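Every value quoted in this text rests on a predicted model; they were computed, and no experiment measured them.
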Amino acid sequence: MHCYQLHSPCIPAAYQPALTLEFARNQELDYRDLLPGTGLTAADLAAQSLTPAGYLRLLHNLATALPDGDTAFLLGQTLLPGHQGPISHALLQARNLGQALELLLRYQAWLSPLLAPHLMRQGEQTLLYWTDSCVSARQRTFLVEMMMAAVSGMARWLSGQRLPWQYSFNRTRPAHPEQYAVHLGSQVQFNAYLDAMAIASHWLEQPWPRGSEMGVQMALAAAEREIGQQPRRSLLAAVYDYLHEHIRQSPSLEQCSAALGTSPATLKRHLAAHDTHFQAELDQVRTHVTLELIHNRGYSNEQIATHLGFHDANNFRRSFKRWTGLTPSVFRSHLFQLQASE
Amino acid sequence: MHLPYRHALIAMFLVAGACLLLYGSLGQAKPMAIWNWMDIVGEGGTALMSALWALLILGSRPGGRVTLLLAGGLSAIMLGAWVDCLDEFFSIPDQQLWDNWLESLLTPGGMLTLTLGLYFWRQEQWSLNEHMQKRERLFREHRSFDRITQLANADYLRRQLRLEQERHPGESALILLDVDDFHLINREQGQQEGNRLLQAISHLLLLNLRPQDLLCRYAGDRYAILLPAASAATAAAIARQLQQAVRGLAHHTRDGTRLRLSARVAWASLEADTDALLSRLDRALEGEPAIPEGGPAVAV
């Protein structure tokens, strides 16, 4: 199975962890205070590697040392394009937002190791949304804030202007909404079904001043040489991508594990190690696909039921209620309200 | 533990130990049967607590006359109680008077010193209040202060807005001020320079406010200014003044680079729904092109 997991030592300390330590130093903390429990030692930091669990612990230590509401946003703004060798060079020279996002998805193991980015078209909008790669529920908010600030900050810097993103968060309204307003903008919604940032699709084509296709290609060739056979996705991201691709065939645990080159029992065990199980992952993908179908094709319940391989619309409606807590019709009216308020 | 703190601790132990030696060598140990446990616990407890207070004072205040008086007074009280306590264990022959002198001098002397310290502390507090003016109003909440600028944060601001709206509804105004392209300074000069700039701008804004105004760090590079009893014309004038002050600031980074600064401002009169007011001001600051020099501030 060629993907990384919570305890794979796959994150070079010189990449994002180093930026976290640098951030702490700039905020006048002693970076050594952040190391306990991460598996890193202060001597010879640059040569070490971190597991996703260790990186999570590092971020937890930082959030404990700097409990202010802006820590995740400020740290996020330093992460992209970052200082991660050829991958960052490629991002820095991206022709436009579309290419930058494509690179973010392709090199997610380096650019966003803890949260998996995905793209979804919704009518005239493009959605960048995030699912778990290796993250505990407790740290999810921090990670989501951090990665959204990272992408927004990079796009703002490289395009030379603040882009009109709209954000939605799968969380209740925070105690510090002003941090969202100042660091992301006022187009922010809470209590949503996705952690997502959306933008009108034409912005993806808008050329960026530093863009250079040749620069990107040369950097990518170097990146591929450097990466070689290292895993490019987390286990959860690989399962998500497989399920998303085969959602119409009602994929089973057996099929999924076969596609990932492992046994059902092993996959089950690995999913359990990430605090989840196959059915939960499948339900998540089905919810996201339903969102897409309602938005883009205006499908009725019957059509969605057929598309997802349910027996009938009733069956689908009951399942949808179980996934989201709402029936599809209530969900639709909710969706349209949101659009109207935009 | 920093140095003066450690020295004070050692000195206190030494003097307390010297008292113990004095009683031990000159006095007669009392048999355990006649120990008065109530007195021992009471006097020993007083000694321990006074020592703790003295250490807290030394640990939390910068050195100086007030600190010396407070800590010295508490130490003397501590020694007085300690000597009292030793009295319970040793009997001193009646013809020796030094123990009576110790007991009757240490405690009252300590109290006198402590009182003097508290008196000067009050004076010191007055001059500090002058320094805190425009940073806090009406009540103090130390958890609401921002680490970088030492200004109050948005929580404190929201409570002040509610309070102001209850006390003088409709008479006050609020300004939000946002530094243009602050993210570029963070990215190109580093976050330490960004933080230095935030500190400089907070000093600058404080200098440009009326005594009754309150400056808060709203979030990031956005400041909020509460103007009690301010008409629309006053609020607009102050908003423009602050904007010009930021433009005129010649801030230099550590390596001597002069940063070109500008800011955008938005202001409004207070209203009952403070959350709606804040989000309207937030929106007003977004997307608008930087306001041309001398141009109008955005009113919402």
Kindly check if the number of other-residue, nucleotide or ligand heavy atoms within 6.0 Å of [atom1] ([X]) is above 12?
X: B/Arg258; atom1: CZ; result: yes
X: A/Arg32; atom1: CZ; result: no
X: B/His252; atom1: NE2; result: yes
X: A/Glu124; atom1: CD; result: no

message = Heavy-atom pairs under 4.5 Å with chain A: which of B/Ile148, B/Leu278, B/Asp155, B/Asp181 has the most?
response = B/Asp155
query = Out of B/Arg187, B/Arg222, B/Glu193, which one racks up the most heavy-atom pairs below 4.5 Å with chain A?
reply = B/Arg187
note = So CG of B/Asn153 and CG of A/Asp68: to nearest 0.5 Å the spacing works out to 9.0 Å
ask   = How many angstroms lie between atom CZ of B/Arg147 and atom CD of A/Glu28, to the nearest 0.5 angstrom?
value = 8.0 Å
What pair of heavy atoms forms the shortest contact from [X] to [Y], and how long is it?
X: B/Glu188; Y: A/Trp157; value: OE2-NE1, 3.7 Å
X: A/Ala181; Y: B/Asp282; value: CB-OD2, 3.3 Å
X: B/Asn195; Y: A/Asn26; value: ND2-O, 3.9 Å

task = Please flag which part of A/Leu74 lies under 4.5 Å from any non-hydrogen atom of chain B: side chain, backbone, both or neither.
result = both
inquiry  = Between B/Arg217 and A/Glu178, does any side-chain N to carboxylate O distance fall below 4.0 Å?
reply    = no
task = Check whether B/Asp221 gets within reach of chain A through its side chain, its backbone, both or neither, counting any heavy atom under 4.5 Å.
result = both
ask   = Do the side-chain N and O atoms of A/Gln187 and B/Arg283 include a donor-acceptor pair separated by under 3.5 angstrom?
value = no
ask   = Between B/Tyr218 and A/Gln179, is a side chain to side chain contact (heavy atoms under 4.5 Å, CB included) present by the stated rule, with each step listed?
value = CA-CA 8 Å; B/Tyr218 183 61; A/Gln179 299 295 348; over 6 Å; no
CA sep, side-chain torsions, deciding dist, call: B/Gln191, A/Gln27, side chain to side chain contact (heavy atoms under 4.5 Å, CB included) = CA-CA 8 Å; B/Gln191 281 179 332; A/Gln27 302 297 324; 3.8 Å; yes
